[in-house]
Amino acid sequence: MNKAKAFLFDLDGVIVDTAVFHYQAWRRMANSLGFDISEHFNESLKGVSRMDSLNLILAQGGVTLSEEQKLALATQKNEWYLELVSQMTPGDILPGVTDFFVQVKAAGLKTALGSVSKNAKLILERIGMLDDFDAIIDGTKIERGKPDPEVFLKGAEELGLQPADCVVFEDAVAGIEAARRAGMRTVGIGTPEILTEADLVVPDLRGLAVNEAIELPFKV
Ligand code: BG6
Ligand code: MG
């Protein structure tokens, strides 16, 4: 097995807990249309683009709307989301992330962000991590959201590396699938019951040794 030369990180739910804010904002929108969305259903929205998420939620609520109405709702959701994001500080970085990055840099690994969010740079700026990545691939640079592998393939390409050189850190089922389709090894952040396809699952980055991730084998 290749030793990894780069780690590719998802943003929402891996670096920072914005997954909760996405859920709150989508829930507010669903409630305004007269239905609710569960936390379990929310798992299927993680890593999925804004418009794809909206379509899944409307289907869940049995609501049919015009493209114009959908755009207005997506804009409204994003405004609610940004209200929540605007309160964020470096204190919102998830446990273990800062220490892990120190070790990653010390080990000489490259880092990339692989997020389908169009708000990724704004969030990185708010938490003071904009300069911590050698490459940033976000929702403004890709055409297809996860589970399409585009975001991670572009990350490897921008770093000048092959997929086999990369390990991806993801909290979303769609994100693990995207990384696997890109031919990359995966560390799931969350629970093994949900992230069944990840090569390794940890609750967060506390206590994960960089060397273990560098030498991570594909799950058999
Ligand atoms: C992903 C989130 O990172 O970004 C999804 O997991 C979200 O929940 C997607 O829908 C798009 O984000 P944004 O910020 O462009 O609406
Ligand atoms: Mg995520």
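Atoms considered below: every heavy atom in the structure, side chains included; atoms not considered: hydrogens, waters and symmetry mates. Count residues from 1 along the sequence. Indexing begins at 1, ligand by ligand and atom by atom, following the structure's order.
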Please work out whether any backbone atom (N, CA, C, O) or any side-chain heavy atom from C-beta onward of [X] is under 4.0 Å from ligand 1, and answer side chain, backbone, both or neither.
| X | value |
| --- | --- |
| L45 | backbone |
| S117 | both |
| V48 | backbone |

Review point. Can you tell me if S53 uses its side chain to pair, donor with acceptor, with the backbone of V48 under 3.5 Å?
Key: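 The answer is yes, because a donor-acceptor pair under 3.5 Å joins these two groups.
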Review point. Counting distance only, does the side-chain N/O of S117 pair as donor-acceptor with the main-chain N or O of N119 below 3.5 Å?
Key: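 Checked: pair present.
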Review point. Would you say E170 has an N, O or S atom lying under 2.8 Å from the Mg ion (ligand 2)?
Key: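 Under 2.8 Å: E170 has no N, O or S contact with the Mg ion (ligand 2).
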Review point. Can you find a non-hydrogen atom of L11 under 4.0 Å from ligand 1?
Key: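 It does not; every heavy atom stays at 4.0 Å or beyond.
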Practice item. Kindly give the atom name of the N, O or S atom of D12 closest to the Mg ion (ligand 2). Key: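 So the atom name we want here is O.
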Exercise for review: Decide side-chain hydrogen bond (donor to acceptor under 3.5 Å, both in side chains) for H22 and K77; before the verdict, give the C-alpha distance in whole Å, the side-chain angles of both, and the deciding distance to 0.1 Å.
Suggested key: CA-CA 9 Å; H22 278 295; K77 180 267 175 177; 2.8 Å; yes
**Study point:** D10 N/O under 3.5 Å from ligand 1 N/O
**Key:**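 No - when backbone and side-chain N and O of D10 are compared with those of ligand 1, no distance drops under 3.5 Å.
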Review point. So, do Y23 and Y81 have ring centers that fall under 6.0 Å from each other?
Key: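 No; Y81 has its ring centre 6.0 Å or more from that of Y23.
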Exercise for review: Would you please indicate yes or no on a ring centroid separation below 6.0 angstrom for F7 and F133?
Suggested key: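 No - the distance between ring centres of F133 and F7 does not fall below the 6.0 Å cut-off.
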Review point. So which of M51, R50, K118, E170 gets nearest to atom 16 (O) of ligand 1, if we judge by its closest heavy atom?
Key: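 The option holding the nearest heavy atom is R50.
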**Study point:** K46: numbered ligand 1 atoms lying under 4.0 Å from its heavy atoms
**Key:**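 Listed by number with element, the hits are 6 (O).
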Check your understanding: What angle, to the nearest 10°, do the atoms OD2 (D10) and OD1 (D171) form about the Mg ion (ligand 2)?
Key ->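 Value, to the nearest 10 degrees: 90°.
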